[in-house]
*Asks:* 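Can you keep this structure in mind? I'll have questions shortly.
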Amino acid sequence: MNHSENERHSGAAEPGRSRRDFLRQGLTAGAGMALLSGAVRAQTPESTPSPSPEATASLLYPGAIDERGEYVLPALPYPAGALAPHIDAETMTLHHGKHHAGYVKGLKAAEAALAEARKSGDFSQIESLTRKAAFYGAGHFLHCIFWASMSPGSSKPSASLARAINRDFDSLESFGNQFRSAAETVEGSGWGLLTWSIPAKKLVVLQALNHQQSSQWGNVPLLAIDVWEHAYYKQYSDGRTEYVEAFMNLIDWDGVGMRYETVRKMAG
Ligand code: MN3
């Protein structure tokens, strides 16, 4: 599977949308809106009612599907140039409008082909189609988390997330060192991820090769850095280390904390 497959597709980024608009987009009107009050960030999993399944999904995978349940390219939660100088507007626009859009298109095509196979009973392409569904699907979902992992402002982990980080990584500094090292050493194209392990009930740093390989099962990504060359090459050339360092300045701990609280509510 060659990444250049995605080069054909283009989609317009939508700069100028606020973070709040972005979050609202993925939420269903009723239960989701209540979560936007800001209260969800400040409260513990035990003290708030569980959000609806739709709201939970859109908090964990922001903007991944539209109100009809169709896969969709979410708008960026900030203008394309808002993360400069750490990530410039040209890189963001190309990455979002071309590459991420290509994953959405590939995922839809794979699922349509699988539906056709079920209808016709011809499963001769099942291996290729299943692999494509995994590749493009994982690519789509991780990019949704990637955009939401960053923000132009500064932030720090909430008290409950900080406690979990200290418990599972000894300190925020140790977490940062492990996360940076994981991201910098991904072999080829892939991701550095902070995840919540549902079975182990703890935070785990993982790499993903391409988008879909090397995960544990049962891990929900909370923070994602894309280290495919298309994420940084225009600005940093082969300087992945410098790009990873720049990303560390952009981490949106509010969003990470929101996903942490949501998954804890969903699965302890
Ligand atoms: Mn990418």
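First listed ligand is number 1; within each ligand, the first listed atom is number 1. Computation of the quantities below employed the complete heavy-atom set of this structure, encompassing side-chain atoms and omitting hydrogens, waters and symmetry-equivalent molecules.
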*Asks:* Report, one line per pair, each donor and acceptor closer than 3.5 Å where one atom sits in a side chain of residues 109-116; sequence neighbours left out.
*Replies:*
unit_1: E111; atom_1: OE2; unit_2: Y71; atom_2: OH; d: 2.8

*Asks:* With the Mn ion (ligand 1) at the apex, how many degrees lie between NE2 of H95 and NE2 of H230, rounded to 10 degrees?
*Replies:* 90°
*Asks:* Taking the side chain from T195 and the backbone from V204, do they hold a donor-acceptor pair closer than 3.5 Å?
*Replies:*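 Yes: the side chain of T195 pairs with the backbone of V204.
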*Asks:* Backbone or side chain, does H143 get an N/O/S atom under 2.8 Å to the Mn ion (ligand 1)?
*Replies:* yes
*Asks:* Find out whether W228 and W191 are in side-chain contact, i.e. whether some heavy atom of one side chain is under 4.5 Å from a heavy atom of the other.
*Replies:* yes
*Asks:* For the Mn ion (ligand 1), which N, O or S atom of D226 is at the shortest distance?
*Replies:*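 Looking at D226, the N, O or S atom with the least distance to the Mn ion (ligand 1) is OD2.
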*Asks:* Can you name the residues that form a side-chain hydrogen bond (donor to acceptor under 3.5 Å, both in side chains) with R68, not counting sequence neighbours?
*Replies:* D66
